[in-house]
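A quick write-up on the structure given underneath.
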Amino acid sequence: MATFADDPVGTYARYIAACNKRRFGDLDEFIATDVEGVRSGVEGYRDGLQDITVAFPDFNWRIEDLIVEGRSMAARLTDTGTHQGEFDGIPATGRHVQIRELAVYRIDDDGKIVRCWGDLEVALRSELLTGGK
């Protein structure tokens, strides 16, 4: 199977599809065991995604742009979902949200994500607290 090093665009599409299908157990194909980010380690990474999909059961990531430069990738995504559970201390509001997300990744020698920087949780929190204002 291709990796981010071999086919970054196709691999990223498969990664997003796995997230949208809630196949977080399959993330070992894409994520390094010692990944660093908002939550470090592959288990922490999975937990972060699961927390979002518990709070927003219909959450969906859609790729708008993907820029690849060597071992770095930047993705601009449009995310949608309905806030039906507690998220980051904010009780369920029932609101449907649409946010723009920016995620930047570093790929290791094995073609897996070893570092992830992103604004997903901050953007969701801001949307819930301010309504996008």
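Both backbone and side-chain heavy atoms feed into the values below; hydrogens, waters and symmetry mates do not.
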Report the distance from atom CG of L120 to atom CG of D79, rounding to the nearest 0.5 Å.
5.5 Å
Using a strict 4.0 Å threshold on nitrogen-to-oxygen distance, state whether E64 and R62 make a salt bridge.
yes
Hey, are E127 and R95 close enough for a salt bridge, meaning a charged N less than 4.0 Å from a carboxylate O?
yes
Look at D119 together with R125 and state whether they make a salt bridge at an N to O cut-off of under 4.0 Å.
no
Would you call R71 and D108 a salt bridge, using N to O less than 4.0 angstrom?
no
Under a 4.0 Å N-O cut-off, is there an ion pair linking D51 with R39?
yes
Rounded distance (nearest 0.5 Å) linking atom CZ of F30 with atom CD1 of I113
8.5 Å
Using only heavy-atom distances, determine whether the side chains of T80 and N60 contain a donor-acceptor pair under 3.5 Å.
no
Output yes when R14 and E29 qualify as a salt bridge under the 4.0 Å nitrogen-oxygen rule, no when they do not.
yes
Within a strict 4.5 Å, meaning less than it, do heavy atoms of the E36 and V114 side chains meet?
no
Ignoring hydrogens and geometry, is there a side-chain-to-backbone donor-acceptor pair from T11 to P8 under 3.5 Å?
no
When you measure from the side chain of T130 to the backbone of S126, do you find a donor-acceptor pair of N or O atoms at a distance under 3.5 Å?
yes
Kindly state whether the ring of Y12 and the ring of Y105 have centres lying under 6.0 angstrom apart.
yes
What's the shortest heavy-atom distance between I31 and K112, and which atoms?
O-CD, 3.9 Å
